[in-house]
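Structure first, then comments.
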Number of protein chains: 2
Amino acid sequence: MARLPEYLRALHNLAETGHDTVSSEGLASAAGVNSAKLRKDLSHLGSYGTRGVGYDVALLIEQIEYVLGLTQRRAVALVGVGNLGHALAGYAGFATRGFRIAALFDADPSRVGERINGLVVHHIDDLTQIAAAESIAIGVIATPAPAAQSVADQLVAAGVTSILNFAPCVLSVPEGVDVRKVDLAIELQILSFHEHRKASLTSLPATGPAGGLTALPGGLSATGTEEAVGT
Amino acid sequence: MARLPEYLRALHNLAETGHDTVSSEGLASAAGVNSAKLRKDLSHLGSYGTRGVGYDVALLIEQIEYVLGLTQRRAVALVGVGNLGHALAGYAGFATRGFRIAALFDADPSRVGERINGLVVHHIDDLTQIAAAESIAIGVIATPAPAAQSVADQLVAAGVTSILNFAPCVLSVPEGVDVRKVDLAIELQILSFHEHRKASLTSLPATGPAGGLTALPGGLSATGTEEAVGT
DNA sequence: CGCGATTTGTGCACGACTTCACAAGCGCCT
DNA sequence: AGGCGCTTGTGAAGTCGTGCACAAATCGCG
Ligand SMILES: NC(=O)c1ccc[n+]([C@@H]2O[C@H](COP(=O)([O-])OP(=O)(O)OC[C@H]3O[C@@H](n4cnc5c(N)ncnc54)[C@H](O)[C@@H]3O)[C@@H](O)[C@H]2O)c1
Ligand SMILES: NC(=O)c1ccc[n+]([C@@H]2O[C@H](COP(=O)([O-])OP(=O)(O)OC[C@H]3O[C@@H](n4cnc5c(N)ncnc54)[C@H](O)[C@@H]3O)[C@@H](O)[C@H]2O)c1
């Protein structure tokens, strides 16, 4: 499940605060999900919880890390050392959560050779060679959108089978290669949609540009993390 | 729906390449989704497509932008001008897709007053006042995790009703406030999970740490964008 | 040693979403 | 003007995920 990393983060927090065991209720609220859903998720991994007590935090961490394949520290290649790429290269959160940025790449000759956070920027043409040497299976694309497909092709050719794409475009990759996309503008637009919806509910429904669809004819869903009362 | 922004991006691309109309098939492949799903999505907005022809690109853009509430350029507050915050502040993609970074905030006195991309960094204590003046309804949190909840509270107090959170933690906000989270480490961990799964399928299933769960007992889902053959 | 409090694991039902398949509508070509 | 091919919009079935509610299991305490 895609929620396991969230549980893992919550578990690490709990472990640091001295908890040895957690109830499904406690972990669920820490991870921001329903407790029934959490129990079902954990039961899918054939989990080790003790009825009447809860889950052993350390054991559960070990279990989830194993399922996520985090027992080995995975090497990641970062392509595109621009505005965003610099921030990513300097991000400590990767190292603390199971990943190692093994190499940086860029196509701009003036950037090649630059040192960032102890890593040298390589030219993209050296990708295949270095990827093999470092056994890199995960690539991060932080180039402009027009270059993203080309970079993706090169990553795949270099043996990368998982790609995290920050460029706002869809990538075509062969079967067997996984792509996840992060598009900040889309996130904001989804928030904007909710703003628009909220505004339509409170004020009088001003007529739209092309007719009468103000508050959305049918109910839309919107796949979003929402609310939770404080304290 | 959360897919509308993706359609919108694809439509803008099509418009720039000179297309006046698109078939659902064409737009679907450009956005990376099933054509039936796309048609159903568009029909939910009471859409204007012409049978036998397709959709009018310009009209559809107008429709979707209206539904997403992008007819007005929304003001965004960015809190936390560190590593990531700098990259976000300098990102042109926000401006081209309906948003305006209206103000930057940080708690570090040495950062206050700094100019980034034409914007001055304000102290977080001035948030309420400036948010009201600029009518900011969307906030972006790019502070370390321990500060995120406090910042969220201040944003809510300042009238912000939508938050995009980059800190790896769950936020508690009052009902009516929307929160979306972007956690890069989680994205990578999901990719790692797929890597692990792929490896388990090909090689012999090496026994896990606590027993015999290697390739996952039940089938997991994993909510992921995947494949699509090239050319 | 037994009982009650507590918490997990899960059967079940409901709802949402996805996908197929096809009828209805539209334009173009003859 | 009429037929034909193309495309939309949608009915319906199947799939998946969610959440409730409860039985089974375990611990602590008397
Ligand atoms: N900056 C942000 O905060 C931000 C936020 C969201 C999304 N993005 C997206 O991330 C991507 C990068 O953004 P940015 O602001 O860092 O852009 P940028 O222009 O600052 O950096 C892009 C880098 O990619 C390099 N590059 C270009 N073509 C390349 C190629 N073929 N191979 C290797 N490297 C190549 C360039 O030399 C440059 O260093 C863009 O697609 C952008 O839309 C950026
Ligand atoms: N750098 C990345 O590429 C990256 C990637 C993913 C996630 N993140 C997350 O984004 C967040 C920021 O990362 P970063 O690398 O930019 O960290 P950073 O330490 O470079 O920047 C954090 C900034 O927040 C400011 N800040 C701290 N407390 C504040 C408060 N109470 N109010 C206002 N401002 C405050 C600090 O002064 C600092 O300028 C972190 O939670 C990190 O986990 C960063």
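Sequence lines set the chain letters: A, B, ... in the order given, protein chains first and strands last, and positions in each chain run from 1.
- Shown here are the salt bridge (Lys or Arg N to Asp or Glu O under 4.0 Å) partners of A:R39, two or more places apart in sequence or in another chain: there are none.
- Summarising the geometry, the separation between CG on A:L38 and C1' on C:dT8 is reported as 11 Å, rounded to the nearest angstrom.
- Residue A:F105 is tested with A:V140, A:T143, A:V79, A:L155 for a side chain to side chain contact (heavy atoms under 4.5 Å, CB included); the sole match is A:V79.
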Review item, nucleotides 19-22 of chain C N/O atoms under 3.5 Å of protein N/O:
residue, atom, partner, partner atom, Å
C:dT19, O4, B:K40, NZ, 3.1
C:dA21, N6, B:R39, NH2, 3.3

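- The only option from A:L188, A:L191, A:I190 that meets the side chain to side chain contact (heavy atoms under 4.5 Å, CB included) definition with B:S162 turns out to be A:L191.
- In this structure, A:L60 places its CG atom 11 Å from P of C:dT8, rounding to the nearest Å.
- With rounding to whole Å, A:E25 atom CD is found 13 Å from D:dG19 atom P.
- Within residues 51-58 of chain B, the residues approached by DNA chain C to less than 4.0 Å at the level of any non-hydrogen atom are B:R51, B:G52, B:V53, in residue-number order.
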Task: CA sep, side-chain torsions, deciding dist, call: B:D183, A:R97, salt bridge (Lys or Arg N to Asp or Glu O under 4.0 Å) - done: CA-CA 11 Å; B:D183 189 326; A:R97 285 163 83 183; 3.1 Å; yes
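- Here the side chains of A:L171 and A:I141 are in contact, with some heavy-atom distance below 4.5 Å.
- Atom OH in A:Y48 sits roughly 17 Å away from atom C1' in D:dT26 (whole-Å rounding).
- Taking 4.0 angstrom as the limit, B:S24 places a side-chain polar atom (N or O) nearer than this to OP1 or OP2 of D:dT8.
- Of the residues B:V22, B:D20, B:L27, the one that meets the side chain to side chain contact (heavy atoms under 4.5 Å, CB included) test with B:V57 is B:V22.
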